[in-house]
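First up is the structure itself, then whatever we jot down about it.
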Amino acid sequence: MNENNRKDSSRRDGSNINQGYKTMNTIVKKQNEVLLHEIAKFKGLGDEETREFVSEYLKPNYYMLEITSSYKKEQRQRNFIY
């Protein structure tokens, strides 16, 4: 039983949370990049214009997640989404 407790505690450590956070950021960044390329394609931009467009709008503020420590702060964040 002691071995099971060690396995559970290793799953709850901060490294798993940090890895999940990095994974989510990577996914959101890739989705934003694909979306920006689709927008550029829709607008009929050339290769150079597309690169400039993507570099201008693919910013960390648009894909970095902010983890809050309380439910109240989370609710305040929702005000900016809707």
Side-chain angles (χ1 to χ4, degrees):
M1 186 150 170
N2 194 10
E3 187 177 322
N4 287 338
N5 287 340
R6 272 190 251 136
K7 286 181 182 178
D8 288 341
S9 67
S10 69
R11 290 182 194 143
R12 295 182 203 154
D13 68 357
S15 65
N16 288 339
I17 293 171
N18 288 335
Q19 186 60 40
Y21 180 77
K22 289 177 186 177
T23 303
M24 289 299 295
N25 282 339
T26 303
I27 291 169
V28 173
K29 180 180 180 182
K30 278 302 212 186
Q31 287 178 334
N32 286 352
E33 190 172 0
V34 168
L35 178 63
L36 290 172
H37 280 281
E38 289 296 319
I39 291 170
K41 187 175 167 182
F42 178 78
K43 292 175 78 172
L45 301 179
D47 290 341
E48 182 63 31
E49 292 170 317
T50 298
R51 279 193 292 277
E52 289 175 13
F53 178 74
V54 171
S55 68
E56 182 177 346
Y57 289 103
L58 188 63
K59 304 289 183 192
N61 292 354
Y62 299 137
Y63 63 83
M64 293 293 288
L65 304 174
E66 183 178 344
I67 298 175
T68 63
S69 59
S70 74
Y71 185 74
K72 283 184 179 181
K73 288 181 183 179
E74 181 181 340
Q75 292 304 316
R76 277 189 256 145
Q77 283 182 343
R78 289 177 183 235
N79 292 334
F80 296 110
I81 295 172
Y82 300 113

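Predicted model, so just to flag it, every value in this text is computed and none were measured. Starting from 1, each residue takes its place in the sequence as its number.
Among residues two or more places apart in sequence or in another chain, the side-chain contact (heavy atoms from CB on, under 4.5 Å) test is passed with Thr23 by Gln19, Ile27. Under the salt bridge (charged side-chain N to carboxylate O under 4.0 Å, His left out) criterion, Glu38 pairs with no residue at all, not counting sequence neighbours. In this view, Leu45 and Ala40, Lys43, Glu49, Thr50, Phe53 satisfy the side-chain contact (heavy atoms from CB on, under 4.5 Å) rule, not counting sequence neighbours.
If you take NE2 on His37 and CZ on Arg51, they are separated by 9.5 Å, rounding to the nearest 0.5 Å.
Screening Thr26, Asn32, Asn25 against Val28 for a side chain to side chain contact (heavy atoms under 4.5 Å, CB included) leaves a single residue, Asn32.
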